[in-house]
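What follows is a short report on a single structure.
As a basis for the values below, the full set of heavy atoms in this structure was taken, side chains included, without hydrogen atoms, waters or symmetry mates. Per chain, numbering begins at 1; letters A, B, ... match sequence-line order.
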2 protein chains.
Amino acid sequence: MQARKEQLAAAVWNTIVEKGIGAVSVRTVAETAGVAVGSLRHVFPTRAELIEFSARLMIDKVSDRVAGLEPTGDERADAVETLSQFLPLDAQRRAELEVNLALIAETPALPELRGIRDDATRALRAACVRLAERVRGNTVSFEEALAGRGDQRRGATLHALADGLALHLLVDPAAEEEALAIVRAQIDTLAET
Amino acid sequence: MQARKEQLAAAVWNTIVEKGIGAVSVRTVAETAGVAVGSLRHVFPTRAELIEFSARLMIDKVSDRVAGLEPTGDERADAVETLSQFLPLDAQRRAELEVNLALIAETPALPELRGIRDDATRALRAACVRLAERVRGNTVSFEEALAGRGDQRRGATLHALADGLALHLLVDPAAEEEALAIVRAQIDTLAET
DNA sequence: CCGAAAGTAGCACAGATGTACTACCATAAG
DNA sequence: CTTATGGTAGTACATCTGTGCTACTTTCGG
C-alpha cells in the first residue's frame, strides 16, 4: 500500500519535471506509473490527495537526507554541505526543486498545499538558524541575545541566499562553482564577524 | 490593438494570482477580460502566444519601474530602493512575483518561456552587479580586477539574496521588516568591506 | 458611398480531464 | 469451502480544453 503510494508519487514527480505541473492528471500519472486509473483512484480518491501526498513525501525525503548528514567536526564545511542539499547540483536535487516550485505555483488552485509549503519553509528556516548558531559558536552579543534576533536574522539571510541561489542554478546550471563560492563566503563572513 | 493585448494580459495575471496557472485557458481568460473566445483568438491565435506575451509584458513593466527610479544621491538608500522593487511589498509586486513563479513552473510545458525567463534573470543580475559597483565606488582590488569577478560575485550574492527574500515574503508577508533589514545589512557590508 | 480590412462573436469538433460506478481477482478468516 | 476484504481494472459521463471555421459588425481610405 505504502509502496504503491510512493510509486505513484514518483510518477507525479517525473511528470512535473518532464511536462510541468499542468500535465499532472490522473491519467498521465497512472500511465507513467504503469497502473490503471481505477487503481490509482483506489489509493488516491481525488487528484488533490495525490498531489498533496506527493508533495509531502518529497519534502520528507529532503528532510531525511539532511538529517542523515554526519558532522565531520569542521563546522564551516558541514554548514556548506548542509546548504548544498538544497541547491540543484545533481538531477535528484534539481527535480526536487522543480517539484517544489511547481507546488508553489499550484497553491492558488489547491489551498491544501499551503500548509505543506509553510511547513517546509519553516523547517528549512530553522535548519539555517541552527547552522548560523553552530558556525558562530554562540558568540552572540548581549543586546542581540536580549532581542533574541541575532542568529534568527543570520539564519534568515542564509535561508534566503540558499533559496535564491537554488533558483538561479535552475536557470543557469553552469554557475555551480560560483554558487558554492558564495555560500562559502557567506559562512566565513558569519563565522568571523 | 496594443490596448486589447494588454487588457488580455492583465486578465491572464489576474487568473494566475487567483486560481493558479492551471486555470489559465483561452476561455477563462476571455471571460475575465469580458471578450469572446473568438476575439481573443483573433489577437492571440494560440494559447502559447497569449501566455508568452503576458509574461514578457509583465517583465517589461518591472523593468520600466526600476529604470524610472530617480537617484537621490544616497547610493546605499538607492540600492535598497532598487532591490525593494523585486520584493512582494504590495499587492502589485506580489502579483508580479506570483506570475513569475507560475511562468517558471510552466516552462516544461511551454519551452518558449525559457528565453523570456533567461532574459529576465540576466537583466536582474546585471542590475545587481551595477548596484554592487556603484555602492562600492569601484574600489576593486588588483587581483579581483584581474579575475574580473569581484563585483560579479557581489552582484550575484545580492541577486540571490533578493530572489530568496522575495520567495520567503510570499510565504510569510509579515517578515517584511526583517527582509528590508537584511537587504540593508547586505548593502552596508558590501560598502564597507 | 462603398468596398476592403480589421475586429468581434459564435459554433463545432476532437480530445483530455475528474470522477462515479461496476466487475474481477487475490488472500485470509470463519 | 464460503465469505468478506482490499487491491486492480475497465467503462461511462458530464465538463472543459485548444483550435478551426464561418458570419456579422465596425472603421476608414478612395
Phosphate contact ([N] OP1 or OP2) by [X] side-chain N/O below 4.0 Å:
X       : N      : answer
A:Ser25 : C:dA16 : no
B:Arg4  : C:dT8  : yes
A:Thr46 : C:dG18 : no
A:Ser39 : D:dG7  : no
A:His42 : D:dG7  : yes

Would you indicate what [X] reaches in the nucleic acid, counting non-hydrogen atoms under 4.0 angstrom: base, sugar-phosphate, or nothing?
X       : answer
B:Arg27 : base
B:Arg47 : sugar-phosphate
B:Arg41 : base

message = Just by distance, no angles: are the side chains of A:Thr32 and A:Asn14 close enough, under 3.5 Å, to form a donor-acceptor pair?
response = no
Check the distance between [N]'s [atom2] and [X]'s [atom1] and give it to me in whole angstrom.
X        : N      : atom1 : atom2 : value
A:Glu31  : D:dG10 : CD    : P     : 12 Å
A:Phe44  : C:dA20 : CZ    : C1'   : 19 Å
A:Leu40  : D:dG10 : CG    : C1'   : 14 Å
A:Gln2   : D:dG7  : CD    : C1'   : 15 Å
B:Met1   : C:dA5  : CE    : P     : 17 Å
A:Leu50  : C:dT19 : CG    : C1'   : 14 Å
B:Glu106 : D:dG18 : CD    : P     : 10 Å

*Flag side-chain contact, heavy atom, 4.5 Å: B:Asp163 against A:Asp163*: no
Comparing A:Gly38 with A:Ala23, nearest DNA chain C nucleotide closer to 5' gives the residue A:Ala23
Result for side chain to side chain donor-acceptor pair (under 3.5 Å) between B:Glu96 and one of B:Gln92, B:Arg94, B:Arg93 points to B:Gln92
When rounded to the nearest 0.5 Å, the distance separating CZ of A:Phe86 from CG of A:Asn100 is 10.5 Å
_Between the side chains of B:Arg125 and A:Glu178, is the shortest nitrogen-to-carboxylate-oxygen separation below 4.0 Å, so that they form an ion pair?_
yes
